[in-house]
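All remarks here apply to the structure that follows.
These numbers were taken from a predicted model, which means no experiment stands behind them. Just so it is clear: chains get the letters A, B, ... in the order the sequence lines come, proteins before strands, and each one is counted from 1.
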Amino acid sequence: MSPLPSVVSLFREMRILGIPINEFMLNILINNYCLMHRVDCAFSLLPIHLKSGIPLNVVTFTTLRELFAENKVTDAVVLFKKLVREKILEPNEVMYGTVMNGLSKRGHTEKTLSLLHLMEQGSTKPDTFKYNIVIDALCKDRNLDAAINLLNEMKQKNIPPDRVTYNSLIDGLCKLGLWEKFKTLFSEMVNLNIYPNVNTFNILIDGLCKEGKVEDAEEGMKCRVGKGVEPDIITYNAIMDGYCLRGQVDRARRIFDIMIDKCIEPDIISYNVLINGYGKKKKVAKAMQLLGEISQRGSKPNTVTYNTILQGLFVVGRIGDAKRVYAEMLSRGPVPNSSTHRTLLKGYFRYGLVEVYFRYGLVEEAMSLFNKLKINREDTDIELYNVVINGLCKNGKLDEAQSVFENLSLIGLPPDVRTYNTMITGFCIQGLLDEAKSMLRKMEKNRCLPNNVTYNVFVQGFLKWSKFSEMRTFMKEMADRGFSFDASTAGFLLNVVRENPSVLDMIPELHSKNNY
DNA sequence: TTAGGGTTAG
């Protein structure tokens, strides 16, 4: 119970009084530091364990789960391996569960899977829970084949899959639109006497909504009423989002009102969904009005709410309002996150080119925010850099973009495929095709595989600067690698050919019915 | 007396 710091002072007092420390006390203290988000302090207690001859136990380690919360996955894994390898402790169910969950939630599916297999060799055998963690992670990675293989492995080893196992798999299948496989799995589940619940139902509703089949979803919801599975706030939110995705924010609003009539209190996600819907339809006044209503209804806007509002304001170019909303956020709102910063930077750069008319100095504004983030060490996200590099390129500041790019290796943040694509686009816009090509070589050297976007950017660059013979050579390599023109390149190409039909003679491949 | 866990909505 709060206040937590008093635990620390109590502990100090006990030490001064010479009261002997035992493992329980140390674990409580470590746990307390973790609750205060002071993993560093918690970690620094480990030597006391050793000095006082108090053995580290599995509880000590599990208490350090905060390591995962603070994204210190490497530290956590190093410690885990050390403890196991040096036989300092034998992991139990709880310890495996903590580590696997920590790893899987941070995208380390491979490591989670290998722990599952490690467990099989030891004395603590994996149970349904452990399998479910891995199956869900595989589904989230869209690796449904591997997930279904694990389901079969469970059956072979007589570890019974349960409703959660099937719900994870159904969600994975729905998100990929694999409806036939869903039907098979659904009947398999029912045959095993595992019955769908409101979660299964919501997963399905959401799957339909994401496919644009919102009426089907709504119909499905109405059918179930009074038949055991009642729609809940998640059902309504999913349907509202489905309508918003199709641009039908007014229909979403009607669902919102129906929900209130049924005495289901909208939560912050309901508001965020609607605010996003209004923002996308450029109805910013409505969005702002909803923002005001949130506190009246006893809820509180969160970071996502503000990020969504900011996006909406930038869509209609209300930069002054966006700045005011951000200032409000800093003074009395939720803490901005990396998404807030990306939204702001993207917005400032987007309107950077109109600044000469309005004298906003938006590129400078963006760079000043970026520099603040660097000082606060809040620039650890490659996506943030991608926004800045792209913004500089689009505002004709290729040199600055290049120096930001060069800086990445100094701070040890590896560029991703988008970073390279952005730089290549920047070079192509300026007609610096040799620099673009050398960037392509650099990315391959750094083992970052070019993707379809990379190749399309090059093709557009060659077209823009009328380098047709180079384009021919390049197209061959592109086809060999299994890439093809995207819609944007196709449109670009059509315009070029319309203006200069002889391009078709210079690139005869364009006539052939291959995968271009 | 201390520790963990799985599924759905923004």
Checking only heavy atoms, does the side chain of A:D127 share a donor-acceptor pair with the base of B:dG5 at less than 3.5 Å?
-> no
Between atom CG in A:N276 and atom C1' in B:dG10, what is the gap in whole Å?
-> 7 Å
Minimum-distance nucleotide to A:V304 side chain [options: B:dG5, B:dG10, B:dA9] = B:dG10
When we call it a touch if two heavy atoms are under 4.0 Å apart, what does A:N302 touch: a base, just sugar-phosphate, or nothing?
-> base
Under 4.0 angstrom between A:K140 side-chain N/O and B:dT8 OP1 or OP2 | yes
How many Å lie between CG on A:D136 and P on B:dG4, as a whole number?
-> 20 Å
Side chains of A:Y33 and A:E66: is there a donor and an acceptor less than 3.5 Å apart?
-> no
When you check the side-chain N and O atoms of A:N302 and A:T305, is any donor under 3.5 Å from an acceptor?
-> yes
Residues A:Y271 and A:E293: side-chain donor-acceptor under 3.5 angstrom | no
Quick one: classify the glycosidic conformation of B:dG4 as syn or anti, with syn meaning within 90° of 0.
-> anti
In whole angstroms, the gap separating P of B:dT8 from CG of A:D232 amounts to 13 Å
Return no unless some side-chain N or O of A:K175 is found under 4.0 Å from OP1 or OP2 of B:dA9.
-> yes
Gap between atoms CG and C1', on A:N167 and B:dT7 respectively (whole Å) = 5 Å
Is A:D127 salt-bridged to A:K130, going by a charged N under 4.0 Å from an acidic O?
-> yes
Figure out the CE/C1' separation between A:M259 and B:dA9, and round it to whole Å.
-> 11 Å
Between atom CE in A:M119 and atom P in B:dG4, what is the gap in whole Å?
-> 17 Å
Of B:dA9, B:dT2, B:dT8, the nucleotide closest to the side chain of A:N199 is B:dT8
Among B:dG4, B:dG5, B:dT7, which is the nearest nucleotide to the side chain of A:N101?
-> B:dG5
Rounded to whole Å, the CD1-C1' distance (A:I269 to B:dT8) equals 10 Å
Side-chain donor/acceptor contact of A:N272 with base of B:dA9 under 3.5 Å = no
Which part of the nucleic acid does A:T98 contact within heavy-atom distance under 4.0 Å: base, sugar-phosphate only, or nothing?
-> sugar-phosphate
Rounded to whole angstrom units, what separation is found between the CZ atom of A:F182 and the P atom of B:dT7?
-> 19 Å
Can you figure out which of B:dG4, B:dG10, B:dT2 approaches the side chain of A:F24 most closely?
-> B:dT2
Would you indicate which nucleotide in B:dT2, B:dG4, B:dT8 comes nearest to any side-chain atom of A:D171?
-> B:dT8
Given B:dG4, is OP1 or OP2 found less than 4.0 Å from the side-chain N or O atoms of A:K105?
-> no
Run the numbers on A:D250 and A:K283 for salt bridge (Lys or Arg N to Asp or Glu O under 4.0 Å), then give the verdict.
-> CA-CA 11 Å; A:D250 294 327; A:K283 295 180 175 176; 3.6 Å; yes
Nearest to the side chain of A:E93 - B:dG4, B:dA9, B:dA3?
-> B:dG4
Can you check whether A:R65 has a side-chain N or O nearer than 4.0 Å to OP1 or OP2 of B:dA3?
-> no
What nucleic acid atoms does A:N22 come within less than 4.0 Å of, heavy atoms only: base, sugar-phosphate, or nothing?
-> nothing
Could you tell me whether A:R254 and A:E218 make a salt bridge, using a distance below 4.0 angstrom between a side-chain N and a carboxylate O?
-> no
